[in-house]
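Take a look at the structure below.
Position 1 is the first residue of the sequence, and the numbers go up from there. From a predicted model like this one, the values you see are computed outputs, not experimental measurements. Remember, it's 1-based here, ligands and their atoms both numbered in the order they're listed.
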Amino acid sequence: MAPSPSPIATFVPVAPDSHFSIHNLPYGVFSSRSDATPRPGVAIGEQVLDLRAIAAAGLFTGPLLRDSDCFHQTSLNRFMAMGRAAWKETRGTVQKLLSGKLSNILVGFSWSIDCYCYVCLADEPALRDNTDLRKKAFFPLNEVKMELPAVIGDYTDFFSSKHHALNCGKIFRGVDALQDNWLHVPIAYHGRSSSIVTSGHPITRPCGQVAPAAGSSSPAFKPSSLLDFELEMAMFVGPGNELGTQIPVESAYDHIFGLVLMNDWSARDIQRWEAIPLGPFLGKSFATTISPWIVTLEALEPFICNPPAQDPPPLPYLKEPQGKSYDIALEVTIKPDGDPKGSTICRSNFKHLYWTLGQQLAHHTVNGCNLRPGDLLASGTISGPEQGSLGCLLEQSWGGREQVALENGGSRKFLEDGDEVVISGHCKGDGYLVGFGTCSGKLEPPRCSC
Ligand code: CA
């Protein structure tokens, strides 16, 4: 792991267990009660900093952002396209604007946008000491509406966890072995971007065609009875590549803007009947949920760790000079209707993934396929080696053969209507967190008449 950065003080109150410390500064797109126009923002503590307001005040003075209208857009695509130098310049500016600390005499002071005054000890007064601008630029997180952070042109879902791939082989094929290609090819399929929603959006149980029941020769059409979550993370693409060109694995990380949490909702009965020979379709495309805040690779740098050893060695186009993964603790909690505490049934970690972000991106473009700013590339289910780290109910219930116990005395093989699934994730620094917030969705009854 890289050394932790030096602590930075901020005049915005941030609790020690807040996911949104000044070391994080994730990007999202929000609207407020006072202004329904979506615009880019940064999360800090319990607040959102409106980047459009900061840009309008002329506080982005660096050479790459000074004349840009990227924060006057309703999505982050234009900012994503500007590349790493612009991202670093912006992060430096925002971190500086938020820096500064309260004096000792005001410890315990209840922070309020409307009225606060204190003796300032830091050097950067442009935002901190400008009452009018603070009123325009800060919004309480619990009062804003989060939008999709980008216009997502294309969405791809990988299959990068060796533990998950092995378990799926055992459950679906009865074979204790990976497919012949798995250790050579970062397997993926093209998903559906139109049904990607942000955290909190309700999920309707899908209907579809499932395999004939025992004794029947015809498939049935019915609401899915094997509804599942998949614990995943996904990367947003920054600058893309021209059609016909490749992004080499050595420079892949310059094309990755940041990461979000993802729930790739899956209807296992629909999936199982339709997926041969072309892979997932309607069993996946009814909904995919992402967390609204994109944590940048800059914020994740202190949490770089080694990925699992790769044996056999990958082909040269996938061979990284220094493979890297990230130590991101992940949890999945199921909250049945009327059980707000719920049960945390999975504790996993991003570092369990076999194929790295760089390898996924390089592989995606090796045939000349063009990626574009705002494209979303998901990791696949992130399962670890132990029972408690399996990233979906399909694995936890071993194909529906076992009950998964809940803390309220109930149990699940698959999800029931009214269940809310909450994914959370964070990296633990020295006295601070770099977190992703949550990615949640509540399952509602089917709308089909069957
Ligand atoms: Ca998936």
**Prompt:** What is the number of protein N, O or S atoms that sit under 3.0 Å away from the Ca ion (ligand 1)?
**Reply:** 4

**Prompt:** Among Lys413, Arg272, Arg205, Arg268, which one satisfies salt bridge (Lys or Arg N to Asp or Glu O under 4.0 Å) with Asp228?
**Reply:** Arg268

**Prompt:** Should the pair Lys284-Asp264 be classified as a salt bridge under the 4.0 Å nitrogen-to-oxygen rule?
**Reply:**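 Between Asp264 and Lys284 there is a salt bridge, with a charged N closer than 4.0 Å to a carboxylate O.
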
**Message:** Working note: Glu143 + Arg33, criterion salt bridge (charged side-chain N to carboxylate O under 4.0 Å, His left out); need CA distance, chi angles, decisive distance, verdict.
**Reply:** CA-CA 8 Å; Glu143 293 181 14; Arg33 278 185 291 209; 2.8 Å; yes

**Prompt:** Above 12 or not: heavy atoms from other molecules or residues under 6.0 Å from CG of Asp180?
**Reply:**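 Check fails, neighbour count at 12 or below.
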
**Request:** For Arg91, look at atom CZ and say whether over 12 heavy atoms of other residues, nucleotides or ligands are found less than 6.0 Å away.
**Result:**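 Atom CZ in Arg91 is crowded, with more than 12 foreign heavy atoms closer than 6.0 Å.
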
**Fill in**
salt bridge (Lys or Arg N to Asp or Glu O under 4.0 Å) pairs touching residues 435-448, sequence neighbours excluded, are Asp337-Lys442

